[in-house]
Enquirer: 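There's a structure below that I have some questions on.
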Amino acid sequence: MKLACWNINSIRARKERLLAWLDQARPDVLCLQETKVVDAEFPAAELAERGYQSVVHGQKTYNGVAIVSRQPLNDPRRGFDDGGDDSQCRLLVAETFGVRVASVYVPNGGELGSDKHQYKLAWLARLRAWLERTARPDQPLILCGDFNVAPRESDVAYPEQWRETVLFHPSVREALQPALAWGLRDLFAEKVPAGGVYSWWDYRQLAFPRGDGLRIDLVLGTAPVAARCEKAWVDREARKGKQPSDHAPVLVELRD
DNA sequence: ATGGTTGCTTAGCAA
């Protein structure tokens with residue numbers, strides 16, 4: 001089973017690119033983030049023409065997550081459903097290919113010390129609580145998407161310059177740890193030598209051609225999934241050319 | 001310290 005995750009940064013702006021990429025990459029499952037459309041505007045019919053079913057959790061203008069799969073997507077669930085703020089569409093989970101798959105869009109966090117930074121830290125704490133409440137570390141679960149956190153020094157091209165930002169500050173790296181400690185492994189980190197492989201490059205200041213990237217898009221899995229993971233990679237080609245997303249897809253291949 | 005770019009929506013926010 002080949003699974004991809006991709007922050008598409010507006011599925012309306014990127015629809016033709018996405019369809020062309022699907023025809024070429026042919027993942028079995030694709031988790032999308034930042035679709036930025038209400039559910040009725042998600043291009044489910046065009047995906048269905050290519051053999052993909054969809055479940056969506058979208059909103060206007062901001063956020064929005066989706067999962068598309070070549071097999072049925074069972075028992076979809078939206079948001080934390082923990083009594084807290086669920087107005088931002090950032091979490092969607094469904095079962096497909098015998099695996100519980102979650103598409104995750106962690107809050108960016110804005111400026112260090114801002115309310116958005118605090119919201120991000122709290123959101124990651126809620127993620128750990130949601131795992132405890134709704135999942136088990138001995139069952140097959142994949143949690144993938146845009147975490148807006150680079151976990152390791154080697155996941156950042158210029159760590160000194162990024163440490164004082166909300167993508168690599170110690171506070172957010174620490175806030176990610178409880179979810180990992182619950183029983184999630186970084187599938188990409190286990191398969192690819194550390195350093196020099198990134199998934200996001202800022203649109204500004206020629207970050208992509210300068211190689212100024214961060215690995216903030218993660219594919220995490222419980223032990224039963226990690227045991228089946230054969231390889232992982234980033235499709236850098238998808239970041240090139242005309243009007244790309246600022247993120248590249250991250251992929252993993254699981255043994256059947 | 002600011003601004004650099006893109007998308008959505010229409011001047012300004014979010015990323």
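Every chain is numbered from 1, with letters handed out A, B, ... down the list of sequences.
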Enquirer: For A:Glu16, give me all partners under salt bridge (charged side-chain N to carboxylate O under 4.0 Å, His left out), at least two apart in sequence or on another chain.
Expert: none

Enquirer: Take atom C1' in B:dA15 and the same atom in B:dT9, then report the distance between them in whole Å.
Expert: 15 Å

Enquirer: Would you classify A:Tyr105 as touching base, sugar-phosphate or nothing, given that sugar-phosphate means primed atoms plus P, OP1 and OP2, and contacts are heavy atoms under 4.0 Å?
Expert: sugar-phosphate

Enquirer: Sort and list the pairs that fulfil salt bridge (charged side-chain N to carboxylate O under 4.0 Å, His left out) and have at least one residue in residues 214-225 of chain A, not counting sequence neighbours.
Expert: A:Asp155-A:Arg215, A:Asp186-A:Arg215

Enquirer: Mind checking the CD1-CD spacing from A:Ile11 to A:Glu34? Nearest 0.5 Å is all I need.
Expert: 12.0 Å

Enquirer: Mind checking salt bridge (charged side-chain N to carboxylate O under 4.0 Å, His left out) for A:Arg77 and listing every partner two or more places apart, or none if nothing turns up?
Expert: A:Asp75

Enquirer: Using the heavy-atom set of chain A and a strict 4.0 Å cut-off, write down the first and last nucleotide of DNA chain B that makes it in, 5' to 3'.
Expert: B:dG3 to B:dA15

Enquirer: Please list residues of residues 146-167 of chain A whose heavy atoms come under 4.0 Å from any atom in DNA chain B, ordered by number; otherwise none.
Expert: none

Enquirer: I want to confirm an ordering. Mapping A:Asn108 and A:Arg12 to their closest nucleotides on DNA chain B, which one lands closer to the 5' end?
Expert: A:Arg12

Enquirer: With C1' as the reference atom in both, quote the distance from B:dT10 to B:dA1 in angstrom, rounded to an integer.
Expert: 29 Å

Enquirer: Among pairs that include at least one residue of residues 195-212 of chain A, which meet salt bridge (charged side-chain N to carboxylate O under 4.0 Å, His left out), considering only residues two or more places apart or in two chains?
Expert: A:Asp202-A:Arg204, A:Arg210-A:Asp212

Enquirer: Taking A:Arg236 for its side chain and A:Val197 for its backbone only, find out whether a donor-acceptor pair lies under 3.5 Å.
Expert: no

Enquirer: In a check of side-chain contact (heavy atoms from CB on, under 4.5 Å) between A:Leu141 and each of A:Val225, A:Leu220, A:Val101, A:Thr222, which one passes?
Expert: A:Thr222

Enquirer: How far does the P atom of B:dT6 sit from the matching atom of B:dT2, given to the nearest Å?
Expert: 23 Å

Enquirer: Please check if the side chain of A:Lys120 supplies one atom and the backbone of A:Asn108 the other of a donor-acceptor pair under 3.5 Å.
Expert: yes

Enquirer: With nearest nucleotide decided by heavy atoms, which residue, A:His247 or A:Ile11, maps closer to the 5′ end of DNA chain B?
Expert: A:Ile11

